Amino acid sequence: MFVYHGRTATLAGYFESAFRTPGATPQGQLLKFSTMNPGQEAVLEENPTIQANALTDKRTEMDSSASMELSAILCLNDIGWWLKALLGSPTTTGTGTYTHTFTLNLNDRPSLAFEATVTANAVVRYHRFIGMMLNQLSWDALANNQSFSASLIGAVEVKPRPTAPLDASLTARFATRRACTKRANVYDVSGSNTLGRLNQTTIQWANDLTGYPLADGQEGFGAILLGQPAVSGTLGGLFEDGTLFDHAWGNVSKTLVIDHADETGTCTMKVTIPNIEFDRPKLNVNTSKGLVVEGVNWRAHYATGANPVTVVLVNDVPSYP
């Protein structure tokens, strides 16, 4: 008898050479994760035939696609791999520590393959998914947990289940350079801030992806198309004159810059969003200890002549092939 444990599971990620194609010599990257749930989204059709039976017939699987939700610590080496999946390849400069600049645009996003492996003693199961794309990536800049969440949609899970790994010599996990909340900073003017004293900042990136089954004789999505990319989130802080509440109430657009760093300050990540707008917050009075503004929704918006939204990541990784 043997038992599978979550601690025996690993996840390998691959950038595909073409959609649904891991490549002739795929090079897998071992990825850190806290939770994941890759699997099939099966389309099962009932048999409507009326028969002299108390139960309906077994459903027929007409098609299926794949999806995955994943969470992991916000490591400033790892996050570049996910940002490439979200936004495309960065521009990289430097030696020793490397600077990767990611830009939000309408370029095609790369497709991915994933292989989840679980082991019980000498028994190994490989679960392989191809044609995956990153639809959403989100995190909280000031939360003590400092984790990110990813949502992916994909073409298909490989059937029958593979009996050997896609890459037998996976690249080791990136060294951990965990983002540290005490080094996080949020402002609207470089080095200063008119947003007030903030205590909560979330950010969500969405690619608005839609999968399409094609008339190509293949199971699952034959194409996944990019929709309208969006960046949004929430802000929270102290209620003070001329700060967050009044900017939101007055329909004022602001720049938003979110800084992250590891404990040493060597590895950093700066998200720069030139223009954000706010929802209109309610005046919520429910405490005797001083007022705070909680959960003010913000959304990045286009402005003529403005710089694009960028993420500048400085870390130990030379490239994300």
Side-chain angles (χ1 to χ4, degrees), residues 5-15 28-39 67-87 90 97-100 102 110 112-119 127 129 132-152 170-186 198-207 231-234 236 257-271 311-321:
H5 292 280
R7 284 286 180 181
T8 69
T10 60
L11 180 66
Y14 304 77
F15 285 98
Q29 172 71 58
L30 271 173
L31 300 169
K32 305 186 194 78
F33 68 94
S34 303
T35 63
M36 65 171 173
N37 64 348
S67 67
M68 179 167 67
E69 306 291 326
L70 177 142
S71 66
I73 64 169
L74 184 53
C75 166
L76 295 177
N77 283 334
D78 283 38
I79 198 66
W81 196 94
W82 293 100
L83 287 171
K84 178 179 176 180
L86 180 77
L87 299 172
T97 55
Y98 304 87
T99 300
H100 313 278
F102 300 86
L112 312 164
F114 287 95
E115 191 164 76
T117 304
V118 289
T119 305
H127 299 261
F129 304 84
M132 303 286 285
M133 296 183 73
L134 182 54
N135 197 22
Q136 291 187 359
L137 187 69
S138 60
W139 66 86
D140 190 326
L142 299 177
N144 289 331
N145 190 34
Q146 281 298 277
S147 295
F148 71 86
S149 298
S151 178
L152 302 105
L170 294 167
T171 302
R173 293 180 181 87
F174 299 108
T176 300
R177 293 280 198 166
R178 187 161 190 170
C180 183
T181 54
K182 62 189 176 186
R183 287 193 173 272
N185 201 354
V186 182
L198 302 178
N199 66 352
Q200 182 250 334
T201 304
T202 68
I203 182 168
Q204 176 177 283
W205 304 75
N207 273 328
V231 190
S232 61
T234 59
V257 179
I258 306 174
D259 272 348
H260 305 74
D262 67 351
E263 189 174 14
T264 66
T266 304
C267 294
T268 62
M269 179 169 64
K270 175 178 284 190
V271 180
V311 182
V312 178
L313 180 64
V314 178
N315 62 18
D316 306 321
V317 181
S319 66
Y320 294 96

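As the structure is a computational prediction, the values presented were derived from the model and not from experiment.
K182 NZ to L142 CG: the interatomic distance, rounded to the nearest 0.5 Å, is 14.5 Å. In this structure, CZ in R173 is found 12.0 Å from SG in C75, a value given to the nearest 0.5 Å. Remark: R7 CZ to T119 OG1 distance equals 14.5 Å, nearest 0.5 Å. With values rounded to the nearest 0.5 angstrom, I79 atom CD1 is found 13.0 Å from C267 atom SG. A distance of 8.0 Å separates CE in M68 from CG in N37, rounded to the nearest 0.5 Å.
Residues passing the salt bridge (Lys or Arg N to Asp or Glu O under 4.0 Å) test with D262 are R177, sequence neighbours excluded. Residues forming a salt bridge (Lys or Arg N to Asp or Glu O under 4.0 Å) with E69 (at least two apart in sequence, or on another chain): none. In terms of the side-chain hydrogen bond (donor to acceptor under 3.5 Å, both in side chains) criterion, S138 has no residue partners (sequence neighbours excluded). In terms of the ring pair (Phe, Tyr, Trp, His ring centres under 6.0 Å) criterion, residue partners of F15 (sequence neighbours excluded) are, by chain and number, W81. Under the ring pair (Phe, Tyr, Trp, His ring centres under 6.0 Å) criterion, F148 pairs with W82, sequence neighbours left out. Y320 is linked by a side-chain hydrogen bond (donor to acceptor under 3.5 Å, both in side chains) to N315, counting only residues two or more places apart in sequence or in another chain. For Q146, the side chain to side chain contact (heavy atoms under 4.5 Å, CB included) partners at least two apart in sequence or on another chain are L74, R178, A179, T181, H260. Annotation: side-chain hydrogen bond (donor to acceptor under 3.5 Å, both in side chains) contacts of W205 (sequence neighbours excluded): none. In terms of the side chain to side chain contact (heavy atoms under 4.5 Å, CB included) criterion, residue partners of Y14 (sequence neighbours excluded) are, by chain and number, A12, P26, A113, E115, L166, D167, L170. With sequence neighbours left out, A116 forms a side chain to side chain contact (heavy atoms under 4.5 Å, CB included) with L11, M36, P38, H127. Under the rule for a side-chain hydrogen bond (donor to acceptor under 3.5 Å, both in side chains), T99 has no partner lying at least two apart in sequence or in another chain.
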Practice problem: Could you walk me through whether N77 and D316 pass the side chain to side chain donor-acceptor pair (under 3.5 Å) test, one step at a time? | Solution: CA-CA 7 Å; N77 283 334; D316 306 321; 3.2 Å; yes

Practice problem: Determine, stepwise, if the pair I258 / I203 fulfils side chain to side chain contact (heavy atoms under 4.5 Å, CB included). | Solution: CA-CA 9 Å; I258 306 174; I203 182 168; 4.2 Å; yes

Quiz item: Would L112 and M133 count as a side chain to side chain contact (heavy atoms under 4.5 Å, CB included) if you check the C-alpha gap in whole Å, the side-chain angles of each, and the deciding distance to 0.1 Å?
Solution: CA-CA 6 Å; L112 312 164; M133 296 183 73; over 6 Å; no

Practice problem: Decide yes or no on side chain to side chain contact (heavy atoms under 4.5 Å, CB included) for V257 and V271, but give the supporting numbers first. | Solution: CA-CA 6 Å; V257 179; V271 180; over 6 Å; no

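For residues 71-86, the set of pairs meeting the salt bridge (charged side-chain N to carboxylate O under 4.0 Å, His left out) definition, not counting sequence neighbours, comprises K32-D78.
The two atoms that bring L313 and L76 nearest to each other are CD1-O, 3.5 Å, heavy atoms only. Contact between H100 and V317 at its shortest, heavy atoms only, is NE2-O, 2.8 Å. Contact detail for A261 and T268: the closest heavy-atom pair is CB-CG2, 4.0 Å.
When only modelled atom types and interatomic distance are considered, S71 and S147 share no side-chain donor-acceptor pair under 3.5 Å.
Under the side-chain contact (heavy atoms from CB on, under 4.5 Å) test applied with L137, the options L83, L70, L87 reduce to a single match, L83.
With a 4.5 Å cut-off on side-chain heavy atoms, Q29 and L31 count as touching. Two residues are said to be in side-chain contact when any heavy atoms from C-beta on lie closer than 4.5 Å; T176 and I73 meet this criterion. Under the 4.5 Å side-chain criterion, counting only non-hydrogen atoms from C-beta, D140 is not in contact with N145.
Side-chain atoms of S67 never come within 3.5 Å of backbone atoms of L152 as a donor-acceptor pair (strictly under, hydrogens ignored).
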